[in-house]
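Residue numbers start from 1 in every chain, and the chains themselves are labelled A, B, ... in the order their sequence lines are given, proteins ahead of strands.
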There are 2 protein chains.
Amino acid sequence: MTVASDPRVTDRVHQELRDQIFAGELPAGARLSVPALAASLGVSRSPVREAIVRLVHERLAREEPRRGAVVADVSLKSLIAIYEVREVLEGLATRLAVENAGRRLIRTLEDVLGEHERAVAAVDLTAASEADMTFHRLIREAADNPEVVRMLDEVQTQVRLAMRTTQVTRGPKLAVADHRAIFTAMAAGDPAAAEQAARAHIAGLRSTLAEQAGEPR
Amino acid sequence: MTVASDPRVTDRVHQELRDQIFAGELPAGARLSVPALAASLGVSRSPVREAIVRLVHERLAREEPRRGAVVADVSLKSLIAIYEVREVLEGLATRLAVENAGRRLIRTLEDVLGEHERAVAAVDLTAASEADMTFHRLIREAADNPEVVRMLDEVQTQVRLAMRTTQVTRGPKLAVADHRAIFTAMAAGDPAAAEQAARAHIAGLRSTLAEQAGEPR
DNA sequence: CTTTGAAAAGTTACATGTAAATCCCTCTTG
DNA sequence: CAAGAGGGATTTACATGTAACTTTTCAAAG
(Lines give C-alpha, C1' and ligand atoms only; values in the text may rest on other atoms or scores of the structure.)
Protein backbone atom coordinates (compact mmCIF):
# COMPACT_ATOMS: atom_id res chain seq x y z
CA MET A 1 0.00 0.00 0.00
CA THR A 2 1.23 3.51 -0.76
CA VAL A 3 1.72 5.74 2.24
CA ALA A 4 0.18 8.81 0.66
CA SER A 5 -1.69 8.96 -2.63
CA ASP A 6 0.69 9.72 -5.47
CA PRO A 7 -0.44 13.18 -6.52
CA ARG A 8 -1.12 13.52 -10.18
CA VAL A 9 0.65 16.21 -12.14
CA THR A 10 -2.76 17.58 -13.13
CA ASP A 11 -3.64 18.05 -9.46
CA ARG A 12 -0.44 19.91 -8.72
CA VAL A 13 -0.85 22.17 -11.73
CA HIS A 14 -4.45 22.87 -10.82
CA GLN A 15 -3.55 23.77 -7.26
CA GLU A 16 -0.64 25.93 -8.44
CA LEU A 17 -2.82 27.88 -10.85
CA ARG A 18 -5.51 28.33 -8.20
CA ASP A 19 -2.90 29.69 -5.82
CA GLN A 20 -1.53 32.05 -8.45
CA ILE A 21 -5.02 33.33 -9.22
CA PHE A 22 -5.92 33.96 -5.59
CA ALA A 23 -2.53 35.56 -4.96
CA GLY A 24 -3.12 37.93 -7.85
CA GLU A 25 -0.08 36.71 -9.74
CA LEU A 26 -2.51 35.79 -12.48
CA PRO A 27 -4.78 38.83 -12.52
CA ALA A 28 -8.29 38.97 -13.91
CA GLY A 29 -8.22 38.83 -17.69
CA ALA A 30 -4.80 37.16 -17.91
CA ARG A 31 -4.65 34.68 -20.77
CA LEU A 32 -4.06 31.09 -19.76
CA SER A 33 -1.92 29.87 -22.62
CA VAL A 34 -1.50 26.12 -22.43
CA PRO A 35 1.93 25.93 -24.07
CA ALA A 36 3.25 28.90 -22.11
CA LEU A 37 2.07 27.56 -18.76
CA ALA A 38 3.32 24.07 -19.58
CA ALA A 39 6.77 25.47 -20.29
CA SER A 40 6.82 27.66 -17.19
CA LEU A 41 5.69 24.79 -14.94
CA GLY A 42 7.98 22.29 -16.60
CA VAL A 43 5.28 19.81 -17.58
CA SER A 44 3.65 18.80 -20.81
CA ARG A 45 0.52 20.38 -22.22
CA SER A 46 -1.89 17.59 -21.21
CA PRO A 47 -2.07 18.17 -17.48
CA VAL A 48 -2.17 21.94 -18.02
CA ARG A 49 -5.08 21.58 -20.40
CA GLU A 50 -6.98 19.46 -17.86
CA ALA A 51 -6.22 21.85 -14.99
CA ILE A 52 -7.63 24.72 -17.04
CA VAL A 53 -10.79 22.76 -17.77
CA ARG A 54 -11.20 22.42 -14.03
CA LEU A 55 -10.58 26.13 -13.43
CA VAL A 56 -13.24 26.95 -15.99
CA HIS A 57 -15.64 24.59 -14.26
CA GLU A 58 -15.11 26.20 -10.86
CA ARG A 59 -15.38 29.57 -12.59
CA LEU A 60 -11.93 30.83 -11.76
CA ALA A 61 -11.47 31.14 -15.51
CA ARG A 62 -13.70 31.70 -18.51
CA GLU A 63 -13.23 30.14 -21.90
CA GLU A 64 -14.48 30.75 -25.38
CA PRO A 65 -14.18 27.94 -27.91
CA ARG A 66 -11.05 28.24 -30.06
CA ARG A 67 -9.99 31.37 -28.15
CA GLY A 68 -8.63 29.93 -24.97
CA ALA A 69 -9.25 30.73 -21.33
CA VAL A 70 -8.67 33.87 -19.28
CA VAL A 71 -8.69 34.41 -15.52
CA ALA A 72 -12.19 35.34 -14.40
CA ASP A 73 -13.27 38.41 -12.51
CA VAL A 74 -16.31 38.94 -10.31
CA SER A 75 -18.35 42.06 -10.85
CA LEU A 76 -19.92 43.76 -7.87
CA LYS A 77 -23.30 42.90 -9.35
CA SER A 78 -22.37 39.22 -9.47
CA LEU A 79 -21.02 39.35 -5.97
CA ILE A 80 -24.33 40.70 -4.70
CA ALA A 81 -26.14 37.87 -6.48
CA ILE A 82 -23.71 35.42 -4.88
CA TYR A 83 -24.45 36.87 -1.46
CA GLU A 84 -28.18 36.42 -2.04
CA VAL A 85 -27.49 32.73 -2.54
CA ARG A 86 -25.06 32.64 0.35
CA GLU A 87 -27.69 34.13 2.61
CA VAL A 88 -30.11 31.24 2.22
CA LEU A 89 -27.38 28.59 2.22
CA GLU A 90 -25.82 29.83 5.47
CA GLY A 91 -29.33 30.02 6.88
CA LEU A 92 -29.93 26.41 5.92
CA ALA A 93 -26.61 25.24 7.30
CA THR A 94 -27.30 26.96 10.60
CA ARG A 95 -30.80 25.53 10.91
CA LEU A 96 -29.53 22.02 10.18
CA ALA A 97 -26.70 22.46 12.65
CA VAL A 98 -29.21 23.31 15.37
CA GLU A 99 -31.40 20.36 14.46
CA ASN A 100 -28.47 17.93 14.54
CA ALA A 101 -26.14 19.21 17.15
CA GLY A 102 -25.81 18.65 20.85
CA ARG A 103 -24.16 20.49 23.69
CA ARG A 104 -20.75 19.61 22.38
CA LEU A 105 -21.13 21.90 19.37
CA ILE A 106 -22.67 24.68 21.45
CA ARG A 107 -19.75 24.59 23.84
CA THR A 108 -17.20 24.63 21.04
CA LEU A 109 -18.97 27.53 19.35
CA GLU A 110 -19.05 29.42 22.61
CA ASP A 111 -15.30 29.00 22.96
CA VAL A 112 -14.67 30.21 19.43
CA LEU A 113 -17.00 33.14 19.94
CA GLY A 114 -15.12 34.04 23.11
CA GLU A 115 -11.82 33.99 21.24
CA HIS A 116 -13.40 36.08 18.54
CA GLU A 117 -14.57 38.68 21.04
CA ARG A 118 -11.19 38.82 22.75
CA ALA A 119 -9.41 39.16 19.41
CA VAL A 120 -11.68 42.03 18.37
CA ALA A 121 -11.20 43.73 21.74
CA ALA A 122 -7.42 43.37 21.31
CA VAL A 123 -7.69 44.65 17.71
CA ASP A 124 -5.98 41.49 16.50
CA LEU A 125 -7.47 41.38 13.02
CA THR A 126 -5.76 38.15 12.02
CA ALA A 127 -7.00 36.23 15.04
CA ALA A 128 -10.44 37.78 14.65
CA SER A 129 -10.68 36.75 11.04
CA GLU A 130 -9.58 33.25 11.89
CA ALA A 131 -12.15 32.89 14.67
CA ASP A 132 -14.77 34.25 12.30
CA MET A 133 -14.00 31.59 9.70
CA THR A 134 -13.82 28.85 12.32
CA PHE A 135 -17.26 29.78 13.60
CA HIS A 136 -18.77 29.42 10.15
CA ARG A 137 -16.85 26.25 9.41
CA LEU A 138 -18.01 24.54 12.58
CA ILE A 139 -21.61 25.31 11.72
CA ARG A 140 -21.26 24.01 8.18
CA GLU A 141 -19.69 20.80 9.34
CA ALA A 142 -22.38 20.31 11.96
CA ALA A 143 -25.07 20.72 9.31
CA ASP A 144 -24.12 17.22 8.18
CA ASN A 145 -25.32 17.92 4.64
CA PRO A 146 -22.55 17.49 2.06
CA GLU A 147 -24.59 19.30 -0.57
CA VAL A 148 -24.85 22.56 1.32
CA VAL A 149 -21.17 22.30 2.23
CA ARG A 150 -20.26 21.87 -1.42
CA MET A 151 -22.40 24.78 -2.53
CA LEU A 152 -20.99 27.03 0.16
CA ASP A 153 -17.53 26.02 -1.00
CA GLU A 154 -18.43 27.17 -4.49
CA VAL A 155 -19.69 30.43 -3.05
CA GLN A 156 -16.51 30.75 -1.02
CA THR A 157 -14.40 30.31 -4.15
CA GLN A 158 -16.16 33.17 -5.87
CA VAL A 159 -15.93 35.32 -2.78
CA ARG A 160 -12.18 34.72 -2.56
CA LEU A 161 -11.87 35.65 -6.20
CA ALA A 162 -13.79 38.85 -5.59
CA MET A 163 -11.65 39.62 -2.52
CA ARG A 164 -8.78 40.54 -4.82
CA THR A 165 -10.62 43.73 -5.72
CA THR A 166 -13.58 44.21 -3.40
CA GLN A 167 -13.72 44.66 0.33
CA VAL A 168 -16.53 42.76 2.05
CA THR A 169 -16.93 43.69 5.70
CA ARG A 170 -19.01 45.79 8.03
CA GLY A 171 -16.25 45.87 10.56
CA PRO A 172 -15.10 43.35 13.16
CA LYS A 173 -17.46 44.53 15.89
CA LEU A 174 -20.62 44.04 13.88
CA ALA A 175 -19.36 40.59 12.84
CA VAL A 176 -18.99 39.58 16.46
CA ALA A 177 -22.43 40.95 17.34
CA ASP A 178 -24.00 38.99 14.47
CA HIS A 179 -22.25 35.82 15.56
CA ARG A 180 -23.41 36.35 19.12
CA ALA A 181 -26.99 36.58 17.86
CA ILE A 182 -26.59 33.39 15.83
CA PHE A 183 -25.05 31.64 18.80
CA THR A 184 -27.83 32.69 21.15
CA ALA A 185 -30.51 31.26 18.86
CA MET A 186 -28.52 28.06 18.44
CA ALA A 187 -27.92 27.68 22.16
CA ALA A 188 -31.65 28.13 22.70
CA GLY A 189 -32.23 25.24 20.31
CA ASP A 190 -34.43 27.36 18.06
CA PRO A 191 -33.75 26.31 14.45
CA ALA A 192 -35.99 28.95 12.84
CA ALA A 193 -34.45 31.76 14.87
CA ALA A 194 -30.95 30.49 14.15
CA GLU A 195 -31.70 30.37 10.42
CA GLN A 196 -33.02 33.92 10.57
CA ALA A 197 -30.01 35.19 12.50
CA ALA A 198 -27.59 33.58 10.05
CA ARG A 199 -29.50 35.05 7.13
CA ALA A 200 -29.49 38.47 8.73
CA HIS A 201 -25.70 38.22 9.15
CA ILE A 202 -25.15 37.62 5.44
CA ALA A 203 -27.88 40.04 4.41
CA GLY A 204 -26.01 42.72 6.35
CA LEU A 205 -22.83 42.06 4.42
CA ARG A 206 -24.81 42.08 1.21
CA SER A 207 -26.31 45.46 2.00
CA THR A 208 -22.84 46.97 2.37
CA LEU A 209 -22.05 45.60 -1.07
CA ALA A 210 -25.24 47.13 -2.42
CA GLU A 211 -24.18 50.47 -0.95
CA GLN A 212 -20.84 50.21 -2.73
CA ALA A 213 -22.80 49.56 -5.89
CA GLY A 214 -24.43 52.93 -5.41
CA GLU A 215 -27.77 51.71 -4.16
CA PRO A 216 -28.14 52.82 -0.53
CA ARG A 217 -31.04 52.12 1.83
CA MET B 1 -18.31 34.87 -39.59
CA THR B 2 -19.54 31.35 -38.94
CA VAL B 3 -23.27 30.90 -39.09
CA ALA B 4 -23.46 28.69 -36.03
CA SER B 5 -20.64 28.06 -33.61
CA ASP B 6 -18.57 25.13 -34.81
CA PRO B 7 -19.28 22.55 -32.14
CA ARG B 8 -16.24 20.98 -30.69
CA VAL B 9 -15.91 17.23 -30.64
CA THR B 10 -15.53 17.42 -26.87
CA ASP B 11 -18.91 19.12 -26.60
CA ARG B 12 -20.64 16.51 -28.70
CA VAL B 13 -19.06 13.66 -26.75
CA HIS B 14 -19.99 15.28 -23.45
CA GLN B 15 -23.59 15.74 -24.54
CA GLU B 16 -23.77 12.19 -25.88
CA LEU B 17 -22.47 10.71 -22.63
CA ARG B 18 -24.87 12.85 -20.61
CA ASP B 19 -27.76 11.61 -22.71
CA GLN B 20 -26.66 8.01 -22.35
CA ILE B 21 -26.42 8.38 -18.58
CA PHE B 22 -29.85 9.97 -18.22
CA ALA B 23 -31.35 7.40 -20.60
CA GLY B 24 -29.95 4.61 -18.45
CA GLU B 25 -27.86 3.23 -21.29
CA LEU B 26 -24.88 3.86 -19.06
CA PRO B 27 -26.19 2.64 -15.71
CA ALA B 28 -24.84 3.62 -12.31
CA GLY B 29 -21.49 2.02 -11.71
CA ALA B 30 -20.66 1.51 -15.40
CA ARG B 31 -16.98 2.04 -16.07
CA LEU B 32 -16.16 4.92 -18.39
CA SER B 33 -13.17 3.52 -20.25
CA VAL B 34 -11.58 6.22 -22.34
CA PRO B 35 -10.22 3.95 -25.12
CA ALA B 36 -13.46 1.96 -25.30
CA LEU B 37 -15.67 5.04 -25.52
CA ALA B 38 -13.34 6.69 -28.02
CA ALA B 39 -13.58 3.66 -30.27
CA SER B 40 -17.35 3.35 -29.93
CA LEU B 41 -17.88 7.06 -30.66
CA GLY B 42 -15.34 7.10 -33.48
CA VAL B 43 -13.15 9.86 -32.03
CA SER B 44 -9.74 9.97 -30.41
CA ARG B 45 -9.11 9.68 -26.71
CA SER B 46 -8.49 13.39 -26.06
CA PRO B 47 -12.05 14.70 -26.35
CA VAL B 48 -13.39 11.67 -24.48
CA ARG B 49 -10.98 12.31 -21.65
CA GLU B 50 -12.07 15.94 -21.43
CA ALA B 51 -15.76 15.05 -21.58
CA ILE B 52 -15.28 12.65 -18.66
CA VAL B 53 -13.53 15.33 -16.64
CA ARG B 54 -16.62 17.46 -17.15
CA LEU B 55 -18.95 14.63 -16.16
CA VAL B 56 -16.97 14.16 -12.97
CA HIS B 57 -17.20 17.86 -12.27
CA GLU B 58 -20.97 17.92 -12.65
CA ARG B 59 -21.07 14.74 -10.58
CA LEU B 60 -22.59 12.49 -13.18
CA ALA B 61 -19.50 10.34 -12.74
CA ARG B 62 -17.02 9.66 -9.96
CA GLU B 63 -13.34 9.11 -10.40
CA GLU B 64 -10.54 7.70 -8.35
CA PRO B 65 -6.98 8.54 -9.38
CA ARG B 66 -5.41 5.85 -11.55
CA ARG B 67 -8.62 3.81 -11.44
CA GLY B 68 -10.80 5.62 -13.90
CA ALA B 69 -14.34 6.97 -13.73
CA VAL B 70 -17.67 5.26 -13.23
CA VAL B 71 -21.22 6.53 -13.69
CA ALA B 72 -22.46 8.03 -10.43
CA ASP B 73 -25.52 7.10 -8.48
CA VAL B 74 -27.54 9.17 -6.02
CA SER B 75 -28.47 7.56 -2.74
CA LEU B 76 -31.82 8.38 -1.18
CA LYS B 77 -29.93 9.98 1.67
CA SER B 78 -28.07 12.26 -0.75
CA LEU B 79 -31.28 13.08 -2.55
CA ILE B 80 -32.86 14.22 0.68
CA ALA B 81 -29.85 16.44 1.36
CA ILE B 82 -30.19 17.82 -2.16
CA TYR B 83 -33.84 18.61 -1.52
CA GLU B 84 -32.92 20.48 1.63
CA VAL B 85 -30.74 22.71 -0.51
CA ARG B 86 -33.33 22.90 -3.25
CA GLU B 87 -35.91 24.06 -0.72
CA VAL B 88 -34.04 27.22 0.18
CA LEU B 89 -32.91 27.91 -3.39
CA GLU B 90 -36.41 27.67 -4.83
CA GLY B 91 -37.57 29.84 -1.95
CA LEU B 92 -34.95 32.43 -2.83
CA ALA B 93 -35.76 32.34 -6.54
CA THR B 94 -39.44 32.83 -5.81
CA ARG B 95 -38.84 35.73 -3.45
CA LEU B 96 -36.55 37.45 -5.95
CA ALA B 97 -39.08 36.87 -8.72
CA VAL B 98 -41.75 38.65 -6.69
CA GLU B 99 -39.41 41.52 -5.90
CA ASN B 100 -38.46 41.98 -9.54
CA ALA B 101 -41.47 41.07 -11.54
CA GLY B 102 -44.43 42.97 -12.78
CA ARG B 103 -47.89 42.05 -13.97
CA ARG B 104 -46.50 40.47 -17.10
CA LEU B 105 -44.95 37.60 -15.16
CA ILE B 106 -48.03 37.18 -12.98
CA ARG B 107 -50.23 36.89 -16.03
CA THR B 108 -47.92 34.38 -17.71
CA LEU B 109 -47.76 32.30 -14.56
CA GLU B 110 -51.53 32.38 -14.27
CA ASP B 111 -51.84 31.04 -17.80
CA VAL B 112 -49.35 28.25 -17.15
CA LEU B 113 -51.10 27.39 -13.91
CA GLY B 114 -54.41 27.21 -15.77
CA GLU B 115 -52.91 24.84 -18.30
CA HIS B 116 -51.48 22.81 -15.47
CA GLU B 117 -54.88 22.54 -13.78
CA ARG B 118 -56.62 21.56 -17.02
CA ALA B 119 -53.93 18.95 -17.77
CA VAL B 120 -54.30 17.42 -14.32
CA ALA B 121 -58.11 17.42 -14.63
CA ALA B 122 -57.73 15.69 -18.01
CA VAL B 123 -55.24 13.22 -16.51
CA ASP B 124 -52.71 14.25 -19.16
CA LEU B 125 -49.54 13.51 -17.23
CA THR B 126 -47.19 14.66 -19.95
CA ALA B 127 -48.84 18.06 -20.32
CA ALA B 128 -49.07 18.39 -16.54
CA SER B 129 -45.41 17.65 -16.08
CA GLU B 130 -44.51 20.14 -18.77
CA ALA B 131 -46.64 22.89 -17.23
CA ASP B 132 -45.08 22.06 -13.86
CA MET B 133 -41.57 22.54 -15.22
CA THR B 134 -42.53 25.69 -17.10
CA PHE B 135 -43.94 27.22 -13.93
CA HIS B 136 -40.67 26.67 -12.09
CA ARG B 137 -38.58 27.80 -15.04
CA LEU B 138 -40.44 31.08 -15.40
CA ILE B 139 -39.90 31.84 -11.75
CA ARG B 140 -36.19 31.08 -11.93
CA GLU B 141 -35.73 33.27 -14.95
CA ALA B 142 -37.66 36.10 -13.34
CA ALA B 143 -35.41 35.89 -10.28
CA ASP B 144 -32.76 37.56 -12.44
CA ASN B 145 -29.95 36.02 -10.41
CA PRO B 146 -27.63 33.86 -12.53
CA GLU B 147 -26.11 32.32 -9.42
CA VAL B 148 -29.32 30.84 -8.11
CA VAL B 149 -30.18 29.64 -11.61
CA ARG B 150 -26.84 27.89 -11.89
CA MET B 151 -27.16 26.25 -8.52
CA LEU B 152 -30.68 25.08 -9.25
CA ASP B 153 -29.36 23.64 -12.51
CA GLU B 154 -26.82 21.65 -10.54
CA VAL B 155 -29.59 20.46 -8.26
CA GLN B 156 -31.70 19.58 -11.29
CA THR B 157 -28.86 17.49 -12.72
CA GLN B 158 -28.64 15.41 -9.57
CA VAL B 159 -32.41 15.07 -9.42
CA ARG B 160 -32.51 13.80 -13.00
CA LEU B 161 -29.79 11.32 -12.16
CA ALA B 162 -31.77 10.11 -9.17
CA MET B 163 -34.94 9.87 -11.28
CA ARG B 164 -33.55 6.77 -12.93
CA THR B 165 -34.18 4.84 -9.73
CA THR B 166 -36.27 6.95 -7.38
CA GLN B 167 -39.75 8.34 -7.79
CA VAL B 168 -40.19 11.90 -6.52
CA THR B 169 -43.79 13.03 -6.48
CA ARG B 170 -46.72 13.49 -4.18
CA GLY B 171 -49.15 13.26 -7.06
CA PRO B 172 -50.23 15.75 -9.70
CA LYS B 173 -53.06 17.21 -7.65
CA LEU B 174 -50.91 18.22 -4.73
CA ALA B 175 -48.40 19.75 -7.15
CA VAL B 176 -51.09 21.95 -8.63
CA ALA B 177 -52.33 22.94 -5.20
CA ASP B 178 -48.80 23.90 -4.13
CA HIS B 179 -48.31 25.93 -7.27
CA ARG B 180 -51.61 27.69 -6.72
CA ALA B 181 -50.44 28.67 -3.23
CA ILE B 182 -47.15 29.98 -4.60
CA PHE B 183 -48.96 31.90 -7.29
CA THR B 184 -51.40 33.46 -4.86
CA ALA B 185 -48.58 34.82 -2.70
CA MET B 186 -46.76 36.09 -5.77
CA ALA B 187 -49.85 37.76 -7.19
CA ALA B 188 -50.36 39.47 -3.83
CA GLY B 189 -46.83 40.85 -4.15
CA ASP B 190 -45.79 39.30 -0.84
CA PRO B 191 -42.16 38.16 -1.18
CA ALA B 192 -41.92 36.52 2.24
CA ALA B 193 -45.13 34.56 1.74
CA ALA B 194 -44.05 33.51 -1.74
CA GLU B 195 -40.71 32.30 -0.41
CA GLN B 196 -42.50 30.33 2.28
CA ALA B 197 -44.95 28.78 -0.17
CA ALA B 198 -42.14 27.73 -2.50
CA ARG B 199 -40.21 26.24 0.39
CA ALA B 200 -43.27 24.36 1.57
CA HIS B 201 -43.69 22.92 -1.91
CA ILE B 202 -40.20 21.46 -1.95
CA ALA B 203 -40.35 20.49 1.72
CA GLY B 204 -43.43 18.43 0.89
CA LEU B 205 -41.57 16.54 -1.80
CA ARG B 206 -38.69 16.05 0.57
CA SER B 207 -40.95 14.56 3.23
CA THR B 208 -42.18 11.93 0.79
CA LEU B 209 -38.54 11.04 0.17
CA ALA B 210 -37.94 10.82 3.90
CA GLU B 211 -40.91 8.44 4.15
CA GLN B 212 -39.40 6.25 1.47
CA ALA B 213 -36.20 6.26 3.49
CA GLY B 214 -38.17 4.64 6.29
CA GLU B 215 -38.45 7.68 8.49
CA PRO B 216 -42.10 8.75 8.62
CA ARG B 217 -43.58 11.77 10.37
C1' DC C 1 -13.54 -26.32 -4.35
C1' DT C 2 -11.01 -22.30 -2.83
C1' DT C 3 -6.74 -19.77 -2.73
C1' DT C 4 -2.65 -17.90 -4.75
C1' DG C 5 0.13 -15.65 -7.82
C1' DA C 6 2.17 -14.58 -12.13
C1' DA C 7 1.42 -13.44 -16.90
C1' DA C 8 -1.57 -11.02 -20.14
C1' DA C 9 -4.72 -7.51 -21.24
C1' DG C 10 -6.39 -3.18 -20.68
C1' DT C 11 -6.25 1.45 -18.80
C1' DT C 12 -4.60 5.83 -16.94
C1' DA C 13 -1.80 9.76 -17.13
C1' DC C 14 1.51 12.30 -19.20
C1' DA C 15 4.01 13.51 -23.44
C1' DT C 16 4.18 14.84 -28.13
C1' DG C 17 2.61 15.56 -33.18
C1' DT C 18 -0.04 18.54 -36.25
C1' DA C 19 -3.89 20.93 -39.08
C1' DA C 20 -6.58 24.77 -38.70
C1' DA C 21 -7.87 28.84 -36.38
C1' DT C 22 -6.58 32.95 -34.02
C1' DC C 23 -3.61 36.56 -32.62
C1' DC C 24 -0.49 40.16 -33.34
C1' DC C 25 2.72 42.85 -35.69
C1' DT C 26 4.05 45.47 -39.62
C1' DC C 27 3.54 47.89 -43.66
C1' DT C 28 0.63 49.93 -46.97
C1' DT C 29 -3.07 52.96 -48.36
C1' DG C 30 -6.51 56.57 -48.15
C1' DC D 1 -2.56 59.65 -38.68
C1' DA D 2 -6.31 56.01 -38.83
C1' DA D 3 -7.80 51.96 -41.15
C1' DG D 4 -6.93 47.79 -42.82
C1' DA D 5 -4.65 44.01 -45.40
C1' DG D 6 -1.01 40.55 -45.25
C1' DG D 7 1.67 37.13 -43.09
C1' DG D 8 4.38 35.06 -39.55
C1' DA D 9 3.95 33.45 -34.71
C1' DT D 10 1.19 31.42 -31.53
C1' DT D 11 -2.46 28.67 -29.94
C1' DT D 12 -6.32 25.50 -29.80
C1' DA D 13 -8.24 21.07 -30.44
C1' DC D 14 -7.86 16.65 -31.76
C1' DA D 15 -4.87 12.66 -32.58
C1' DT D 16 -1.44 9.43 -31.21
C1' DG D 17 2.71 7.38 -28.54
C1' DT D 18 4.08 5.07 -24.31
C1' DA D 19 5.63 3.92 -19.33
C1' DA D 20 3.55 2.63 -15.26
C1' DC D 21 -0.22 0.86 -13.05
C1' DT D 22 -4.50 -1.85 -12.40
C1' DT D 23 -7.49 -5.42 -13.46
C1' DT D 24 -8.37 -9.81 -15.29
C1' DT D 25 -7.41 -14.37 -16.43
C1' DC D 26 -6.06 -18.75 -15.55
C1' DA D 27 -3.36 -22.46 -14.04
C1' DA D 28 -1.19 -24.61 -10.15
C1' DA D 29 -1.18 -25.45 -5.19
C1' DG D 30 -3.42 -26.45 -1.01
Next item on the list: Just jot down the side chain to side chain contact (heavy atoms under 4.5 Å, CB included) partners of A/A203, sequence neighbours excluded, or say none.
Entry: A/E87, A/R206
Checklist line | Results of salt bridge (Lys or Arg N to Asp or Glu O under 4.0 Å) for B/E25 - residues two or more places apart only | finding: none
Item checked: Interface with DNA chain D, restricted to residues 46-58 of chain A and to heavy atoms under 4.0 Å -> A/R49
Note to self: With a 4.0 Å limit, can you tell me whether A/T10 has a side-chain N or O closer than that to the phosphate oxygens OP1/OP2 of C/dA13?
What the structure shows: no
Checklist line | Test side chain to side chain contact (heavy atoms under 4.5 Å, CB included) applied to A/S75 - qualifying residues, sequence neighbours left out | finding: A/K77, A/S78
Next item on the list: Would you please name every residue forming a side chain to side chain donor-acceptor pair (under 3.5 Å) with B/D73, sequence neighbours left out?
Entry: B/R62
Notebook entry, point to check: Nearest-Å distance, CD (B/E64) to P (C/dT12)?
Noted result: 13 Å
Notebook entry, point to check: About how many Å separate CD1 of B/I52 and CG of B/L60, when rounded to the nearest 0.5 Å?
Noted result: 12.0 Å
Note to self: Distance check needed: C/dA13 C1' versus A/R45 CZ, whole Å only.
What the structure shows: 15 Å
Check: Who passes side chain to side chain donor-acceptor pair (under 3.5 Å) against A/D19, sequence neighbours left out?
Finding: A/Q15
Checklist line | Partners passing salt bridge (Lys or Arg N to Asp or Glu O under 4.0 Å) against B/E154 (at least two apart in sequence or in another chain) | finding: none
Short N/O separations, protein against nucleotides 9-11 of chain C, under 3.5 angstrom:
from, atom 1, to, atom 2, distance (Å)
C/dT11, OP1, B/S33, OG, 3.2

Note to self: Could you tell me how far apart B/R66 (CZ) and D/dT22 (C1') are, to the nearest whole angstrom?
What the structure shows: 11 Å
Next item on the list: Provide, to the nearest angstrom, the distance between the CG atom belonging to A/L41 and the C1' atom belonging to C/dA15.
Entry: 15 Å
Next item on the list: Quick one: list whatever passes salt bridge (Lys or Arg N to Asp or Glu O under 4.0 Å) with A/D178, sequence neighbours left out.
Entry: A/R170
Next item on the list: Give the nucleotide from the list C/dG17, C/dC14, C/dT22 with an atom nearest to the side chain of A/R8.
Entry: C/dC14
Note to self: Taking 4.0 Å as the cut-off, does a side-chain nitrogen or oxygen of B/S44 come that near to OP1 or OP2 on D/dC14?
What the structure shows: no
